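Bear in mind the structure is a predicted one, so any value in this text is a computation, not a measurement. Values below: all heavy atoms of this structure, side chains included; hydrogens, waters and symmetry mates excluded.
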Amino acid sequence: MKWYELTREDQLDEIREESKTNPVLIFKHSSRCSTSRVALDRLERNWNEEEMSHLKPYFLDLITFRSTSDSIASQFDVEHESPQVLIIENGHSRFDCSHFEIDYNQILKVSKEKTW
């Protein structure tokens with residue numbers, strides 16, 4: 001799985017723009033949380049590049065980049081959780097889940113359903 005690192009708050013503007021043509025996934029990971037590690041491992045193990053070619057995955061280490069994580073919560077109007085997955089489409093979060101609700105098949109399904 002090829003992750004794009006999310007390290008700066010100004011990248012959120014880029015993600016908003018990208019999401020106007022294709023959905024974007026943000027995975028918020030805590031390196032201090034075993035649940036986050038399990039969720040990340042499950043997602044990476046199941047990820048199929050061909051199936052998910054329409055979805056650009058961003059990875060955020062929220063311990064190192066806490067202010068970016070806080071900006072995600074406020075800009076996309078979601079409650080902060082960790083681990084957490086958001087699917088950004090047309091500049092807005094259209095799906096978010098956390099902990100053991102993070103499921104590859106659900107992400108695939110939601111990311112292929114266009115809402116515009």
Could you pull out all residues at least two apart from [X] that satisfy side chain to side chain donor-acceptor pair (under 3.5 Å)?
| X | value |
| --- | --- |
| N105 | none |
| Q106 | none |
| S71 | E9 |
| H80 | K28, S69 |

Is the backbone of F95 close enough, under 3.5 Å, to the side chain of E89 for a donor and an acceptor to pair up by distance?
no

Do S98 side-chain atoms and S82 backbone N/O form a donor-acceptor pair below 3.5 Å?
no

Where at least one partner belongs to residues 50-63, residue pairs that pass salt bridge (charged side-chain N to carboxylate O under 4.0 Å, His left out), sequence neighbours excluded:
E18-K56

Determine which pairs satisfy salt bridge (charged side-chain N to carboxylate O under 4.0 Å, His left out) with at least one residue from residues 73-84, sequence neighbours left out, and list them in order.
none

Return the minimal non-hydrogen interatomic distance between P57 and K2, and the atom names on each side.
CG-O, 3.3 Å

Rounded to the nearest 0.5 Å, what separates atom [atom1] in [X] from atom [atom2] in [Y]?
| X | Y | atom1 | atom2 | value |
| --- | --- | --- | --- | --- |
| H99 | C33 | NE2 | SG | 6.0 Å |
| Q75 | R16 | CD | CZ | 5.0 Å |
| T21 | H54 | OG1 | NE2 | 12.0 Å |
| M52 | N46 | CE | CG | 9.5 Å |

Considering only heavy atoms from C-beta outward, does the side chain of Y104 approach that of R45 to under 4.5 Å?
no

Residues in salt bridge (Lys or Arg N to Asp or Glu O under 4.0 Å) with D13, at least two apart?
none

Kindly write out the residues that satisfy salt bridge (Lys or Arg N to Asp or Glu O under 4.0 Å) with E14, not counting sequence neighbours, or none if the list is empty.
R8

Tell me which donor-acceptor pairs under 3.5 Å the side chains of residues 35-43 have, and how far apart each pair is, sequence neighbours excluded?
residue	atom	partner	partner atom	Å
S36	OG	H29	ND1	2.7
S36	OG	S30	N	3.1
R37	NH1	D41	OD1	3.1
R42	NH2	I102	O	2.8

Same cluster (ILVMFWY, side-chain, under 4.5 Å), I107 and F100
no

Which label fits F27 and F59: parallel for a plane angle under 30°, tilted from 30 to 60°, or perpendicular past 60°?
parallel

Residues clustered with I26, ILVMFWY side-chain links under 4.5 angstrom:
Y4, L6, L12, I15, V24, Y58, L60, L62, I63, F65, I72, F76, V78, L86, I88

